[in-house]
Novice: 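Shown below is the structure under consideration.
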Amino acid sequence: MKLAALTDGTEEAQVTGFAIDHRKVAPGTVFGAFEGARANGEDFIEDAIRSGAIAVVARPGLTVEGATYIADDNPRERFAQLAAKFFAPFPDTSVAITGTNGKTSCVEMTRQLWRMAGFHAASIGTLGVTTADERVTTGLTTPDVVTFLSNVAGLAREGVTHLAFEASSHGLTQYRTEGLKVTAAAFTNLSRDHLDYHGDMAAYFTAKIRLFSEVLSTDGTAVVWADDPQSARVIDLARERGNRLVTVGTQGETLRLVGRDPTLLGQGLTIEAEGRTYTVTLPLIGAYQAANALVSAGLVIATGGDVAATIANLARLQPVRGRLERAVIAKSGAPVYVDYAHTPDALEAAIAALKPHAGGKLIVVFGAGGDRDTGKRETMGQVAVQHADRVIVTDDNPRTEDARAIRCDVLKGARGAEEIGDRRAAIGAAVREAGPEDIVLIAGKGHEQGQIVGDLVLPFDDVTVARECAA
Ligand SMILES: CC(=O)N[C@H]1[C@@H](OP(=O)(O)OP(=O)(O)OC[C@H]2O[C@@H](n3ccc(=O)[nH]c3=O)[C@H](O)[C@@H]2O)O[C@H](CO)[C@@H](O)[C@@H]1O[C@H](C)C(=O)N[C@@H](C)C(=O)N[C@H](CCC(=O)O)C(=O)O
Ligand SMILES: Nc1ncnc2c1ncn2[C@@H]1O[C@H](COP(=O)(O)OP(=O)(O)OP(=O)(O)O)[C@@H](O)[C@H]1O
């Protein structure tokens with residue numbers, strides 16, 4: 001493709017690709033030079049041109065010699081728009097999910113629900129680029145703009161028509177997904193996070209809400225978890241812009257959750273929609289998984305899905321990897337869950353989610369990582385003993401620290417807890433000793449596949465180990 005086709009100019013040079021890192025520039029590349037948090041891409045313009053860049057997108061006022069200079073007050077946005085023209089076409093239906101928690105769960109569930117409805121669907125997020133056949137990790141929740149747009153185009157070439165992706169606040173601030181038409185956007189919730197990057201809550205919320213104020217197509221639909229205190233602002237914004245609205249939750253109007261009955265293995269949901277009442281058994285547990293399932297159903301309905309069929313399909317949702325994932329049912333009948341919770345808040349949320357489902361004891365196995373925030377260890381111990389009935393403190397990526405010393409820190413807050421350093425032995429004790437009405441929670445690793453000891457990553461998967469212990 002000629003550069004002129006992208007810029008509407010007259011440049012004859014052939015574009016071969018896009019890059020925002022000068023080390024990835026090849027002959028024919030359009031280079032985006034942006035000021036970042038750690039480095040300034042403008043410092044690498046000359047290197048990029050030496051490597052063959054034919055155009056540079058950057059802020060106005062620079063001296064660029066030897067390549068076409070595309071100056072723009074918002075170079076990240078301009079770069080993304082040009083890259084989108086280069087990489088297009090994309091799937092017809094692309095939806096984005098933002099919020100502090102629940103993004104990964106929602107993209108996974110939305111993809112599953114679309115597939116059940118017969119669409120060729122994919123998702124992009126923390127767990128990677130996922131299709132029916134494979135999952136490829138990118139390392140970020142919202143990949144950088146070139147990785148994102150090239151992957152989305154690749155999915156379209158494979159025949160994917162429906163894409164759900166996570167829009168992190170970093171991704172939104174850095175215009176990583178610009179240029180892709182977003183047909184529906186969902187908001188899950190807002191709580192404190194990432195203030196190191198955004199500065200304060202107002203800036204963080206502004207970053208998130210850009211999904212609705214600028215990224216969502218003006219003829220698109222806003223899907224909102226209406227029970228969150230910040231949802232009113234998203235709803236107001238959607239109304240101001242004339243977007244269609246789908247609201248879900250106990251305060252929702254499109255899908256109103258009027259009943260939730262936790263059982264040992266799932267939860268019955270009663271949902272009012274379009275003047276009818278539906279009941280469905282969600283095979284996932286915890287109030288927030290019900291919330292994520294409803295947001296995902298909202299997205300599917302927002303993109304043309306049938307209301308009754310979508311609600312019925314909730315009964316067939318598979319757990320998201322490492323997110324309150326039921327690994328196995330112990331011989332006694334006790335379900336064993338694996339969750340990624342590795343902070344005090346997340347541990348408390350995971351225990352709170354499971355507690356109403358347990359007729360007997362809630363048994364928690366967890367540890368704290370080495371070479372990381374030491375302050376959270378005692379608090380995690382406190383949270384565990386306060387909310388669970390039996391607590392086993394074990395190892396979780398001790399890294400270069402003494403594993404016993406880490407456990408000791410956790411145990412300072414966890415009076416009455418047991419200590420079993422070896423993670424396999426700890427999981428084994430919990431799984432074998434759980435009674436028929438009990439629930440086991442193995443927290444901390446979720447989808448991760450290793451135990452980091454020193455500089456070594458020893459293969460370790462909580463789900464596999466739980467299954468082996470239950471066999
Ligand atoms: C804070 C942040 O988001 N950083 C990301 C961002 O960096 P930045 O634009 O600030 O880049 P920088 O390192 O200051 O460099 C500026 C520019 O110079 C370029 N450069 C830099 C060095 C060089 O030698 N040559 C060169 O060309 C860089 O490619 C960049 O374009 O752009 C880089 C290239 O795309 C990303 O790799 C980098 O992600 C870092 C590794 C990261 O850890 N990001 C995390 C915080 C993140 O984005 N997380 C979110 C949210 C996760 C969540 O919700 O939990 C996510 O979406 O994953
Ligand atoms: N709707 C929700 N409301 C509150 N907490 C939630 C919700 N969904 C998930 N969580 C909590 O957040 C954790 C992470 O869930 P999930 O991975 O879906 O979120 P995320 O926004 O993608 O976060 P990350 O990018 O860190 O993976 C869960 O283990 C749970 O503790």
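When a ligand or atom number is given, it counts from 1 through the structure's own listing order.
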Novice: For ligand 1, indicate whether the residue Arg76 contacts it via side chain, backbone, both or neither (heavy-atom separation under 4.0 Å).
Specialist: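 Side chain only.
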Novice: Taking only residues two or more places apart in sequence, or in another chain, which ones meet Asp389 in a salt bridge (charged side-chain N to carboxylate O under 4.0 Å, His left out)?
Specialist: Lys355
Novice: Regarding His162 and Arg111, is there a side-chain donor-to-acceptor distance under 3.5 Å anywhere?
Specialist: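 Side chains of His162 and Arg111: no pair found under 3.5 Å.
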Novice: Evaluate Glu35 for polar contact with ligand 1, using N/O atom pairs at a separation under 3.5 Å.
Specialist: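 By distance alone, the answer is no.
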Novice: Taking non-hydrogen atoms within less than 4.0 Å of ligand 2, which protein residues qualify?
Specialist: Thr100, Asn101, Gly102, Lys103, Thr104, Ser105, Thr126, Thr141, Glu166, Asn189, Tyr288, Asn292, Arg323, Asp339
Novice: For Glu166, is the nearest heavy atom under 4.0 Å from an atom of ligand 1?
Specialist: no
Novice: Please determine if Arg50 and Asp47 form a salt bridge, counting it only when a charged side-chain N lies under 4.0 Å from a carboxylate O.
Specialist: yes
Novice: Residue-level breakdown please: for His170 versus ligand 1, do any non-hydrogen atoms fall below 4.0 Å on the side chain, on the backbone, on both, or on neither?
Specialist: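 For His170, the contact with ligand 1 is made by the side chain alone.
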Novice: Out of Phe34, Phe148, Phe79, who is nearest to atom 17 (C) of ligand 1 when you count heavy atoms only?
Specialist: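 Selected option, by shortest heavy-atom distance: Phe34.
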Novice: Between Arg321 and Asp461, is the closest basic N to carboxylate O distance under 4.0 Å?
Specialist: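 Arg321 and Asp461: salt-bridged.
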Novice: Check this for me, if you would: do Glu178 and Arg76 make a salt bridge, where the nitrogen-to-carboxylate-oxygen distance has to be below 4.0 angstrom?
Specialist: no
Novice: For ligand 1, which part of Ala37 has a heavy atom less than 4.0 Å away: the side chain, the backbone, both, or neither?
Specialist: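 Both backbone and side chain of Ala37 come within 4.0 Å of ligand 1.
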Novice: Do Asp409 and Arg377 sit within salt-bridge range, that is, some charged N less than 4.0 Å from a carboxylate O?
Specialist: yes
Novice: Other residues, nucleotides and ligands only: do more than 12 of their heavy atoms fall within 6.0 Å of CD on Glu272?
Specialist: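 Counting neighbours around CD of Glu272, more than 12 heavy atoms of other residues, nucleotides or ligands fall under 6.0 Å, so yes.
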Novice: Using distance alone, decide if ligand 1 has a nitrogen or oxygen within less than 3.5 Å of any nitrogen or oxygen in Asp144.
Specialist: no
Novice: Taking the six-membered ring of Tyr175 as reference, does the NZ or CZ atom of Arg210 fall below 6.0 Å from its centre and within a 45° cone about the axis?
Specialist: yes
Novice: Using a strict 4.0 Å threshold on nitrogen-to-oxygen distance, state whether Arg423 and Asp395 make a salt bridge.
Specialist: no
Novice: Of the choices Leu140, Thr126, Val25, which has the non-hydrogen atom that lies closest to atom 43 (O) of ligand 1?
Specialist: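 Nearest option to atom 43 (O) of ligand 1, by heavy atoms: Leu140.
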Novice: Pick whichever of Ile20, Val146, Thr104 has a heavy atom sitting closest to atom 30 (C) of ligand 1.
Specialist: Ile20
Novice: Where the closest heavy atom to atom 58 (O) of ligand 1 is concerned, which of Thr98, Ile45, Thr141 has it?
Specialist: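 Considering heavy atoms of Thr98, Ile45, Thr141, the nearest to atom 58 (O) of ligand 1 sits in Thr141.
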Novice: Of the choices Ala39, Gly171, Ala19, which has the non-hydrogen atom that lies closest to atom 16 (C) of ligand 1?
Specialist: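 Going through Ala39, Gly171, Ala19 one by one, Ala39 has the nearest heavy atom to atom 16 (C) of ligand 1.
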Novice: Can you establish whether the number of heavy atoms outside Asp73 located under 6.0 Å from its atom CG is more than 12?
Specialist: no
Novice: Between Asp228 and Ser231, do the side chains contain a donor N or O and an acceptor N or O under 3.5 Å apart?
Specialist: no
Novice: Could you tell me whether Gly32 and ligand 1 have an N or O pair separated by under 3.5 Å?
Specialist: no
